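Because the structure is predicted, anything quoted here is derived from the model rather than measured. These numbers come from the heavy atoms of this one structure, side chains and all, not from hydrogens, waters or symmetry mates. Numbering starts at 1 and runs along the sequence shown.
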Amino acid sequence: MVEDAGLYLDNEKLEGFAGVLSRVSISAIKNVRMIHYSLSDFHIDFDTSYDLNTLGNNKVRNENMFEEYFMTVPGKGFLFLKEYGKTFASDFSSNGYNPDDGQLRSADRSFNSVLAEAINKDEYTRYDNLAGTRSNFDRGDLTLYYFPARASDSCWSGIINKQQITELGKSYLSYVFLPRQDKLFFLYNSFYRNRDQYSSTTVLDQKGNAIDEGIEYWKINNTLVFQKARQISENELAIPYQKNMRNGFAIIHL
């Protein structure tokens, strides 16, 4: 079942690529079909697909509320983002049976159950494959899966595990994702000393590695609502907030 699709064209480099996100029988199991097309030669020079389990080990049933987005990384490929909200109670086992799909999944057909060696930095973890990142998720965790549009590039995945209050169920991620030049910006709220929420940033290169750069926030004493952020120019985002029953917004300039 097709869930989403994306298309990218570059008239200067005379190339384009398309990605199609599908669920494979069970909602946690995804397939991404990727095609790269040469506009100069008028032919497809890269055609492949990827299977992945968005849950760790042999789990196939989501135990959390979640939101998912399939987003373009210009000139590179696509990112699949999945944010986890609060858990919901269930009498069903978390392994094997999914009441939404009404079927059993054989344990010997697990996807990417072996994790590669992880690289950890500032509550962000990167993996060299599309492996399921963990068995259980906390509210606010964001998992990332990168699908390249060229044979010379490679897949990677990661997780940002920052504690925050999410509002899933409103068709928005609690994170703002913005690809800019050769960097991937993730903007979100985190808890400070388990009490106050504050604006934070994780910046990755397009290989999924965390870099020592970010956005400096100053003179902001309000919780920014990143879920309702809007890009207003090539380099600027407008982020709303509410204070003393009045609405306002902050401008983030890259």
Are the side chains of [Y] and [X] in contact, using a 4.5 Å heavy-atom criterion?
| X | Y | answer |
| --- | --- | --- |
| T48 | F147 | no |
| V32 | F78 | no |
| S199 | N189 | yes |
| I29 | D51 | no |
| I239 | I252 | yes |

**Study point:** Parallel, tilted or perpendicular: ring planes of Y84 versus F137, cut at 30 and 60 degrees
**Key:**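 The arrangement is parallel - the two ring planes meet at less than 30°.
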
Short side-chain to backbone donor-acceptor contact, [X] and [Y], under 3.5 Å:
| X | Y | result |
| --- | --- | --- |
| S174 | Q227 | no |
| D10 | E12 | yes |
| T201 | L187 | no |

Review point. Between F17 and Y8, is the gap from one ring center to the other below 6.0 Å?
Key: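 Yes, ring centres under 6.0 Å apart.
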
Check your understanding: Pick one: which of F80, W156, F177 meets side chain to side chain contact (heavy atoms under 4.5 Å, CB included) with L144?
Key ->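 Per the side chain to side chain contact (heavy atoms under 4.5 Å, CB included) rule, the option paired with L144 is W156, out of F80, W156, F177.
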
Review point. Regarding Y188 and T202, is there a side-chain donor-to-acceptor distance under 3.5 Å anywhere?
Key: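 Checked: Y188/T202 side chains pair up, N/O donor to acceptor below 3.5 Å.
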
Which atom pairs, donor and acceptor, lie under 3.5 Å between side-chain atoms of residues 37-47 and protein residues at least two apart or in another chain?
unit_1	atom_1	unit_2	atom_2	d
S38	OG	S40	OG	3.1
S38	OG	D41	N	3.2
D45	OD1	H36	ND1	2.8
D47	OD1	R33	NE	2.7
D47	OD1	R33	NH2	3.1
D47	OD2	R33	NH2	2.9

Exercise for review: Kindly state each residue pair satisfying salt bridge (charged side-chain N to carboxylate O under 4.0 Å, His left out) with at least one member in residues 68-80, sequence neighbours excluded.
Suggested key: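 Every pair satisfying salt bridge (charged side-chain N to carboxylate O under 4.0 Å, His left out) with a residue in residues 68-80: K30-E68, E68-K82.
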
Review point. Considering residues at least two apart in sequence or located in another chain, which fulfil the salt bridge (Lys or Arg N to Asp or Glu O under 4.0 Å) criterion with D153?
Key: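 Expected list: K207.
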
Point to revise | Salt bridge flag under 4.0 Å for residues D182 and R180 | key: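 No.
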
